[in-house]
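Data block below; observations after.
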Amino acid sequence: MTESLDAHRPDAPTLAGQYQPGEVEQRRYEQWVADGRFRASADSDREPFTIVIPPPNVTGSLHMGHALDHTMQDALVRRKRMQGFEALWLPGMDHAGIATQNVVERQLAEQGLSRHDLGREKFVERVWQWKDTSGGTILGQMRRLGDSVDWDRERFTMDEGLSRAVQTMFKKLYDDGLIYRANRIINWCPRCLTALSDIEVEHTDDDGELVSIRYSDDVVVATTRAETMLGDTAVAVHPDDERYRHLIGTEVELPLTGRRIPIVGDPHVDPAFGTGMVKVTPAHDPNDFEIGQRHDLPALTIMDERGVITAHGPFEGLDRFEARPAIVAALRAQGRIVAEKRPYVHAVGHCSRCRTTVEPRLSLQWFVNTSPLAKAAGDAVRDGRVRIEPPELAKRYFAWVDNMHDWCISRQLWWGHRIPVWYGPDGEVVCVGPDEEPPSSSGDGPGWHQDEDVLDTWFSSGLWPFSTLGWPEQTPELAKFYPTSVLVTGYDILFFWVARMMMFGLYAMDGKQPFDVIALHGMVRDDHGKKMSKSFGNVVDPLDWIDRYGADATRFTLARGANPGGDVPVSEEWCQGSRNFCNKLWNATRFALINGAHAVGPLPEAERLSTVDRWILSRLAHVTAEVDEQFESYEFAKVCDLLYHFAWDDVCDWYVELSKPVLAGGGESAEVARRVLGHVLDQLLRLLHPVIPFVTEELWTALTGGETVLTAPWPVSDRALVDDAAEAEVATLQRVVTEVRRFRSDQGLRPTQRVTARLDGLAGAGVAAHEPLIRSLARLDPAGEGFQASATLAMPGEVSVALDTRGSIDVAAERARLTKDRTAAEKEAGQARAKLDNPAFVGKAPEQVVAKIRERLAVAEADLARIDAALEALSS
RNA sequence: GGGCGCGUAGCUCAGCGGGAGAGCACUCGCCUUACAAGCGAGGGGUCGCAGGUUCGAAACCUGCCGCGCCCA
């Protein structure tokens with residue numbers, strides 16, 4: 001007497017015929033938050049797992065890039081949570097200095113106002129107002145995606161704690177001599193009126209002009225920026241250039257100005273470019289600035305902050321782009337233009353915020369001396385403390401950190417962290433820490449003023465992995481969750497943000513890295529591999545997909561395309577496919593519930609399991625192990641692919657179909673099948689939950705009666721369930737069924753049409769017990785009185801199926817089918833034989849490989865014999 | 001100009017030394033009581049080109065052609 005396995009839940013819900021995500025998602029998400037499922041505690045005994053979100057701009061909204069980045073992070077965090085880690089995913093935003101200031105300035109401009117009309121204090125107040133009311137829409141959008149972030153820990157780079165961190169860091173770097181102020185050439189945006197760091201400049205190949213100007217009979221220079229000649233203070237040639245060596249040390253008169261400027265020899269000059277002579281404008285070109293320094297040349301600034309010419313009579317007051325043709329015309333009038341090339345395509349820098357052409361500008365700015373910091377940032381990856389995934393991208397990282405320039409951190413903005421430096425009336429410079437009184441209010445007398453500038457936004461986001469955890473205070477959060485576990489971001493941001501966090505983290509946290517792993521992904525692209533851009537009109541709004549197909553479908557589409565470090569193409573059709581997959585899961589579970597499947601109690605003992613049960617459990621064991629492994633190496637695409645095929649092919653197409661007759665038959669075998677089906681779905685839904693959280697939650701709770709799949713233990717592969725014999729048997733069964741189906745299809749038999757058949761040789765192939773299943777799936781009735789075989793299908797392993805098609809066999813179709821098979825078998829045999837006939841192969845290839853080819857030849861020859869016999873029978 | 005990477009089925013991509021794969025698209029047949037957002041079957045590729053290494057190359061090496069990205 002065996003104990004009944006059935007534990008029917010009378011409350012088991014019935015599911016609708018289709019999955020409707022919209023209805024489910026909001027309800028589930030609100031419940032998760034209300035139940036505190038995403039909260040992480042610093043006093044937990046559990047091992048921590050931490051991800052800090054790459055903070056989106058406060059001005060931003062959710063785009064596909066975020067959706068991809070967040071899907072990956074959420075999948076990692078949800079899995080770790082299921083594995084029992086104290087999993088923290090910390091959300092927040094950065095203040096996006098230039099971008100945010102631009103937004104508010106535009107609003108003011110509509111009222112005909114500038115920020116100067118309001119004054120600094122009122123303007124900043126206004127920006128805060130904007131931030132509070134319409135900033136941060138992206139946070140609401142993250143809920144639609146299903147992000148399991150700890151909302152209680154949301155941070156903003158401008159909030160009090162993080163501002164304190166910024167000031168602390170500035171002071172620390174300043175005191176260590178790693179921050180300095182200097183007059184340097186920096187990238188300047190004449191529209192935003194601020195300095196930019198190198199990485200805020202985007203280079204594009206633009207049409208320009210290359211004009212060659214004769215300064216004297218001996219001196220001709222080529223330039224794309226003729227207008228800057230007004231600021232030339234030298235002409236340079238390569239010191240080894242035979243053509244011009246004799247000119248070094250002489251002078252030439254600069255046209256239009258009458259100034260005499262020296263000719264210098266500098267190895268930076270490329271003798272092959274143009275005439276091999278270059279004009280040197282130290283105040284308006286970074287390379288020229290360096291040449292100027294080497295030769296002690298004066299730097300003449302000829303433009304104001306808006307790019308307007310400030311000197312030289314007729315050109316004064318002209319914008320830089322008006323001045324260019326005017327100066328060329330003036331030079332031409334003097335017969336000094338000896339060559340012109342238009343269009344001349346060359347790289348031009350643009351402000352990454354407003355696209356304005358960047359103007360190199362000599363000005364007094366604050367810099368971080370990055371050399372010691374960048375060295376440490378490189379070493380942390382070199383010595384393995386920080387792992388970059390995929391490892392190939394480490395090369396790019398090194399290329400950046402090993403050649404880093406000093407970082408210009410001052411911005412001529414009002415929105416941001418104001419530089420904590422005060423200047424005294426007698427030239428004093430004081431850097432003030434967070435707990436120190438600024439000199440202006442400490443009775444040191446009048447005349448003190450604070451630096452007007454603010455810090456680059458990246459300065460504060462560089463502190464993100466620890467400022468968000470409470471640094472500079474030694475908080476329990478910092479102790480528990482730092483270093484963070486993984487940083488997930490795009491390779492496009494490796495240089496600026498990631499490298500900065502590495503430098504700051506190692507420096508501020510006594511050499512402890514900000515994260516153990518940097519997991520990189522690429523850009524989301526359209527279904528032709530094109531970058532999404534407004535000008536192309538191929539931008540897809542993830543919220544649109546979430547509305548129409550569900551968050552799960554959107555996430556699955558992204559995760560399925562996410563190969564490490566690779567770009568991720570998406571299309572609406574693929575999203576529909578993902579939606580269909582969710583619906584497939586829905587219906588599989590629906591079928592299971594209708595048939596009384598459940599996940600209560602232990603699995604039946606091995607001897608009570610059918611071969612088919614043992615097969616699906618064996619498959620489950622393999623898939624679980626593989627999925628787990630792929631997750632560990634951030635192979636989201638492989639995780640999705642494995643689960644997709646396991647769910648659809650193994651579970652739905654075969655296990656469910658094979659179980660139908662068993663379930664219908666009732667009795668103990670049906671009881672066992674109900675439990676096994678329930679178990680497989682239970683585990684499958686858990687494995688899928690990190691990627692598609694909503695539908696799996698809905699189905700898992702319906703199936704198991706459990707409270708939430710969110711904290712259900714993550715499946716562990718049970719190697720004891722691996723069953724090679726069962727897998728082989730089911731493979732044979734599948735082959736027989738598929739062969740019969742193929743015959744039926746080729747013969748044009750309707751799926752509903754039953755055909756009588758006699759099955760021979762099943763015992764020899766070890767599948768005698770499965771005859772009923774084979775008949776069921778292949779729709780074959782038993783041969784009875786008057787059975788007359790009109791066709792015989794011979795299959796590998798001595799199995800043959802004789803079918804009675806009432807004499808209506810389509811001989812031509814059958815001959816064509818067999819001939820096709822014969823060609824394939826012949827090719828196979830030929831290839832194998834060729835190899836085996838090669839003594840070098842037999843002699844040098846590993847024994848295993850040779851054996852495999854021998855086996856292949858044997859199978860192919862047997863197939864040939866079988867097919868020939870069938871063809872013979874067909875013609876007689 | 002320097003560096004990195006990529007060219008595999010119509011499209012997008014896996015595979016990266018031993019039988020050419022997936023999704024979508026395509027063709028044929030089906031409302032087979034979980035699912036037509038579905039079921040069954042099928043077609044389709046001298047793996048950019050040319051050399052080389054190897055018993056064996058889509059995979060490794062060299063060169064060329066084409067494309068992309070980053071930096072200057």
Side-chain angles (χ1 to χ4, degrees), chain A residues 14-19 198-199 202-203 270 272-273 286-287 346-347 349 392-393 395-396 398-400 403 491-492 494-495 522-523 525-531 549-550 553 557 560-561 563 565-595 597 635 637-638 640-641 644-645 648 652-653 656-657 660 737-754 776-779 817 820 827-828 831-832 834-836 838-846 848-850 852-853 855-856 859-860:
Chain A
T14 48
L15 301 177
Q18 273 188 348
Y19 175 50
D198 293 350
I199 57 185
E202 287 172 14
H203 294 268
D270 175 7
F273 178 79
N287 292 322
H346 63 132
E392 302 93 84
L393 285 173
K395 270 182 276 185
R396 284 197 186 200
F398 293 135
W400 178 257
N403 297 291
Y491 60 68
D492 58 324
L494 183 61
F495 312 127
M523 311 291 101
R525 293 170 180 275
D526 72 7
D527 55 351
H528 284 84
K530 280 219 173 75
K531 212 170 181 171
Y549 304 115
T557 304
R560 199 178 191 188
N563 292 113
D567 288 340
V568 181
V570 295
S571 83
E572 181 155 346
E573 281 171 344
W574 305 341
C575 188
Q576 283 168 4
S578 302
R579 185 267 317 260
N580 296 354
F581 177 58
C582 292
N583 190 52
K584 190 71 181 174
L585 294 169
W586 178 269
N587 273 288
T589 309
R590 177 168 184 252
F591 170 86
L593 286 170
I594 289 169
N595 287 280
E635 294 271 7
K638 292 203 172 76
C640 291
D641 203 53
Y644 182 92
H645 286 289
W648 206 308
C652 292
D653 287 350
V656 165
E657 293 304 324
K660 279 178 180 172
V737 170
T738 302
E739 275 299 305
V740 175
R741 283 172 174 171
R742 188 162 77 100
F743 170 82
R744 296 182 55 121
S745 185
D746 289 346
Q747 285 291 318
L749 299 172
R750 315 170 77 77
T752 40
Q753 189 176 336
R754 308 289 303 190
S776 157
L777 293 197
R779 295 178 183 269
R817 192 173 76 88
K820 203 179 87 190
K827 186 180 166 199
E828 174 83 3
Q831 284 175 345
K835 285 195 174 192
L836 294 167
N838 179 357
F841 172 75
V842 181
K844 294 194 180 181
Q848 287 172 300
V849 175
V850 178
K852 210 158 97 182
I853 302 296
E855 168 68 14
R856 207 177 289 162
V859 168

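Everything numeric in this text was worked out from a predicted model, so none of it was measured. We name chains A, B, ... by the order of the sequence lines, and we start the count at 1 in each one.
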Determine the Euclidean distance between corresponding [atom1] atoms of [M] and [N]; express it in Å to zero decimal places.
N: B:A59; M: B:C49; atom1: P; answer: 10 Å
N: B:G21; M: B:G15; atom1: P; answer: 16 Å
N: B:G51; M: B:A57; atom1: C1'; answer: 13 Å
N: B:C6; M: B:G44; atom1: P; answer: 30 Å
N: B:A58; M: B:U46; atom1: P; answer: 13 Å
N: B:C60; M: B:A72; atom1: C1'; answer: 33 Å
N: B:C16; M: B:U8; atom1: C1'; answer: 12 Å
N: B:C4; M: B:C47; atom1: C1'; answer: 23 Å

Just N and O in the side chain of [X]: are any of them under 4.0 Å from OP1 or OP2 of [N]?
X: A:K584; N: B:C39; value: yes
X: A:R750; N: B:C30; value: yes
X: A:W648; N: B:C39; value: yes
X: A:K660; N: B:U32; value: no
X: A:K531; N: B:C69; value: no
X: A:N580; N: B:G38; value: yes
X: A:K395; N: B:G5; value: yes
X: A:Y491; N: B:G68; value: no
X: A:R396; N: B:C70; value: no

From the set [options], return the single nucleotide nearest to any side-chain atom of [X].
X: A:W574; options: B:A34, B:U12, B:A37; result: B:U12
X: A:P751; options: B:G29, B:C35, B:U12; result: B:G29
X: A:N583; options: B:C35, B:G15, B:G18; result: B:C35

Please report, rounded to the nearest Å, how far the [atom2] atom of [N] is from the [atom1] atom of [X].
X: A:F398; N: B:G3; atom1: CZ; atom2: P; value: 18 Å
X: A:Q753; N: B:C30; atom1: CD; atom2: P; value: 12 Å
X: A:R560; N: B:A22; atom1: CZ; atom2: P; value: 12 Å
X: A:L494; N: B:C71; atom1: CG; atom2: C1'; value: 13 Å
X: A:H528; N: B:C13; atom1: NE2; atom2: P; value: 10 Å
X: A:Q831; N: B:C55; atom1: CD; atom2: C1'; value: 16 Å
X: A:K835; N: B:G56; atom1: NZ; atom2: C1'; value: 6 Å
X: A:R525; N: B:C13; atom1: CZ; atom2: P; value: 8 Å

* Residue closer to the 5' end of RNA chain B, A:N563 versus A:N838 (nearest nucleotide) -> A:N563
* Asked: More 5' along RNA chain B: A:G17 or A:K844, using each one's nearest nucleotide?
  -> A:G17
Classify the nucleic acid contact of [X] as base, sugar-phosphate or nothing, counting any heavy atom under 4.0 Å across all strands shown.
X: A:Q576; value: nothing
X: A:N403; value: nothing
X: A:P839; value: nothing

* Asked: Is A:R742 side chain donor-acceptor paired with the B:A41 base, going by distance under 3.5 Å alone?
  -> no
* Asked: Is a donor-acceptor pair below 3.5 Å formed from side chain A:Q18 to base B:A34, judging by atom type as modelled?
  -> no
* Result of checking A:T557, A:D527, A:D526 against A:V570 for side-chain contact (heavy atoms from CB on, under 4.5 Å) -> A:T557
* Asked: Relative to the ring of A:W648, is the ring of A:F581 parallel (under 30°), tilted (30 to 60°) or perpendicular (over 60°)?
  -> parallel
Keeping [X] on the side-chain end and [Y] on the backbone end, is there a donor-acceptor pair under 3.5 Å?
X: A:R744; Y: A:R750; answer: yes
X: A:N583; Y: A:Y19; answer: yes
X: A:R817; Y: A:Q747; answer: no

Pairing partner (Watson-Crick or G-U wobble, both distances under 3.5 angstrom) of [N]:
N: B:G18; value: B:C55
N: B:A9; value: none
N: B:G38; value: B:C30
N: B:C4; value: B:G68
N: B:G63; value: B:C49
N: B:G44; value: none

Is the shortest side-chain heavy-atom distance between [X] and [Y] below 4.5 Å?
X: A:E828; Y: A:V859; value: no
X: A:R856; Y: A:I853; value: yes
X: A:C652; Y: A:K584; value: yes
X: A:N563; Y: A:E635; value: yes

